[in-house]
Amino acid sequence: MTPDTYPPLRIRRLDPDLPLPSRAHPGDAGVDLYAATDLVLAPGTRQLVGTGIAIALPFGTVGLIHPRSGLAARAGLSIVNAPGTVDAGYRGEIKVCLINLDRDAAIAISRGDRIAQLVVQRVELPDVIEVDELDDTERGAGGHGSSGGHAILAEG
Ligand SMILES: O=c1ccn([C@H]2C[C@H](O)[C@@H](COP(=O)(O)OP(=O)(O)OP(=O)(O)O)O2)c(=O)[nH]1
Ligand SMILES: [Mg+2]
């Protein structure tokens, strides 16, 4: 599969002074998104931040907004609703609900910082139908720890 197999990701810059978002390396899954404003996140606080772009995703795809792992590991910066869901028909500004998960240190973000990454994936769009019965499976209704392996929680 080569890049020209895919339809292009059409990005409109609402803020022409910011660079066009791009992949840091060819083949990277994520297109890095810029903060359109300066902000300071106190520990434990969140803020919706504009990215200065609007996009037109191809029908049958979804945009998923993921945190950047370096900022998460080094500063505790994450996204409240990670991954954020961008619908193919959405034409408004892409915004990111950032959160500072660090207990002690504030995080200062400058306009133009790369704060998140947009991953475009194909998505199934099944019709929704109501049924009275569901087919049987080996798992059945077991979930939320039914398979065990949670000894890690004992120390917590
Ligand atoms: O991190 C995000 C998540 C969503 N959106 C935009 C694109 C998406 O298509 C729209 C709606 O998102 P979602 O469906 O997650 O939010 P909702 O609370 O269900 O709003 P709505 O009622 O508009 O669907 O908001 C963003 O810009 N950033
Ligand atoms: Mg919705």
Side-chain angles (χ1 to χ4, degrees), residues 1-12 20-36 41-105 107 109 113-156:
M1 193 89 73
T2 57
D4 55 350
T5 311
Y6 304 105
L9 172 60
R10 299 179 191 283
I11 301 180
R12 180 170 161 241
L20 188 69
S22 63
R23 295 182 170 80
H25 306 284
D28 283 1
V31 172
D32 287 333
L33 302 178
Y34 299 101
L41 283 173
T45 65
R46 67 181 186 271
Q47 194 167 318
L48 195 59
V49 185
T51 63
I53 60 161
I55 65 176
L57 289 164
F59 186 86
T61 69
V62 61
L64 299 176
I65 301 179
H66 292 268
R68 295 186 66 206
S69 61
L71 294 173
R74 285 181 11 240
L77 184 68
S78 193
I79 296 173
V80 174
N81 56 324
T85 302
V86 181
D87 301 290
Y90 180 69
R91 296 292 178 270
E93 183 182 12
I94 303 286
K95 295 180 180 174
V96 183
C97 193
L98 292 175
I99 184 163
N100 177 0
L101 296 176
D102 195 88
R103 288 180 185 214
D104 306 310
I107 299 174
I109 292 166
D113 285 347
R114 290 176 293 147
I115 51 169
Q117 54 186 324
L118 175 73
V119 176
V120 179
Q121 290 182 215
R122 291 202 180 110
V123 66
E124 304 291 330
L125 300 171
D127 287 337
V128 176
I129 60 169
E130 184 174 18
V131 297
D132 293 328
E133 300 286 339
L134 301 174
D135 59 312
D136 288 332
T137 65
E138 185 179 310
R139 175 176 281 273
H144 308 284
S146 67
S147 69
H150 301 102
I152 190 170
L153 298 177
E155 297 295 315

Practice task
With rounding to the nearest 0.5 Å, note down the distance linking CD1 in Ile99 to OG1 in Thr45.
Solution key: 7.5 Å
Handout entry: Arg139 side-chain N/O to Gly142 backbone N/O, donor-acceptor pair under 3.5 Å
Key = yes
Handout entry: Ile107 CD1 to Asp113 CG distance, which is reported to the nearest 0.5 Å
Key = 11.0 Å
Exercise for the section: Side-chain contact test, heavy atoms from C-beta onward, threshold under 4.5 Å: evaluate it for Ile53 versus Pro21 and give yes or no. Expected result: yes
Problem - Check: Gln121 side chain, Val62 main-chain N or O, donor-acceptor pair, under 3.5 Å - result: no
Completion exercise
Ala36 and Glu93 have their tightest heavy-atom pair at CB-OE2, 4.5 Å
Problem - Minimum heavy-atom distance Arg68-Gln117, with the two atoms named - result: CA-NE2, 4.0 Å
Fill in the blank from the handout: To the nearest 0.5 Å, atom CG of Leu33 lies from atom CG of Leu118 at 5.5 Å
Practice task
Taking all heavy atoms of Pro58 and all of Ala88, pick out the closest pair and write down the distance.
Solution key: O-CB, 3.9 Å
Completion exercise
d(Leu41 CG, Ser78 OG) to nearest 0.5 Å is 11.5 Å
Completion exercise
For Ala24, the side-chain contact (heavy atoms from CB on, under 4.5 Å) test, sequence neighbours excluded, returns Asp28, Asp32, Arg114
Practice task
Please check if the side chain of Asn100 supplies one atom and the backbone of Asp102 the other of a donor-acceptor pair under 3.5 Å.
Solution key: yes
Handout entry: Pairwise distance CD1(Ile65) to OG1(Thr51) - rounded to 0.5 angstrom
Key = 7.0 Å
Handout entry: Set of side-chain contact (heavy atoms from CB on, under 4.5 Å) partners for Leu134, sequence neighbours left out
Key = Val131
Completion exercise
Ala56 meets the side-chain contact (heavy atoms from CB on, under 4.5 Å) criterion, sequence neighbours left out, with Arg10, Arg91
Exercise for the section: Measure the CD1-CG distance between Ile55 and Leu9 for me, rounded to the nearest 0.5 Å. Expected result: 5.5 Å
Completion exercise
Note: Ile79 and Leu98 closest approach over all heavy atoms is CG1-CD2, 4.2 Å
Completion exercise
Residues Gly145 and His150: closest non-hydrogen pair is CA-CE1, 3.0 Å
Problem - Asp104 side chain vs Pro43 backbone, donor-acceptor pair below 3.5 Å - result: no
